Amino acid sequence: MDRLDHLEHLDRQLVDELAQVARETVRDELREQTRRQRRRAMLYAGSGAVALYAGAALALALGLGLATGLPDWAAALITAAILGVVAYVLRGAARPSASRPATEHSAAPDAAHGHHLGGGAPPAPPGGLGLPYPPKPAGPPDVAPDAAEPRPPHPDDIDPEQPHHRA
């Protein structure tokens, strides 16, 4: 019996060692991945800052170019309007395609193919999660039986307080 207890102790010790090695390995791997992600994030941030300064310099050059033939205030106003239009277009490009308004071509009815405005039901619920919509029944639902026809009692119809009579 002592020999089995000793083996149990060795098993427990081996499991503890394996768990410790696994924890250290996972910790080192996560540290390395975090280091790489941090470096990538800093490079993206630096790239964004430089692009911001490049855009500002381009806007300044555009304003100064317009200022040669126009008053300074008009050149600044035109530059601001151009930047506003560019920002609006970029915001529209960043939106998901589902929320974009339909174009005239896609909203027009297509008589040759039998399509109409709004189309049919999508193959899956909005958001893409879950199962597709249930199929549409082919005909009207069955008519409920008359109240005069006898039917078996439903478990919800039975009152537990009512006395039970056996015939």
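Excluded from the calculations below are hydrogen atoms, water molecules and symmetry mates; all remaining heavy atoms, backbone and side chain alike, are included. Just so it is clear, the structure is predicted and the values come from calculations on it, not from any experiment.
Taking both residues in full, the closest heavy atoms of A75 and G63 are given as CB-O, 3.4 Å, listed atom of the first, atom of the second, then distance.
Cluster membership for L60 and I82, using ILVMFWY side-chain heavy atoms within less than 4.5 angstrom, is not shared.
Considering only residues two or more places apart in sequence or on other chains, R38 meets the salt bridge (Lys or Arg N to Asp or Glu O under 4.0 Å) condition with none of them. Under the salt bridge (Lys or Arg N to Asp or Glu O under 4.0 Å) criterion, R39 pairs with no residue at all, not counting sequence neighbours. Shown here are the side-chain contact (heavy atoms from CB on, under 4.5 Å) partners of A59, two or more places apart in sequence or in another chain: T79, L83.
Remark: I78 CD1 to W73 CH2 distance equals 8.5 Å, nearest 0.5 Å. L18 contributes atom CG, which lies 10.5 Å from atom CZ of R23 (distance to the nearest 0.5 angstrom). Here CD of E24 is found 14.0 Å from CD of E29. Values are rounded to the nearest 0.5 Å. Rounding to the nearest 0.5 angstrom, the gap separating the CG atom in L30 from the OG1 atom in T25 is 11.0 Å.
Under a 4.0 Å N-O distance rule, the pair E32/R35 qualifies as a salt bridge.
Under the 3.5 Å distance criterion, the side-chain polar atoms of S47 are left unmatched by any main-chain donor or acceptor of L43.
Side-chain polar atoms of Q33 and R36 form no donor-acceptor pair below 3.5 angstrom.
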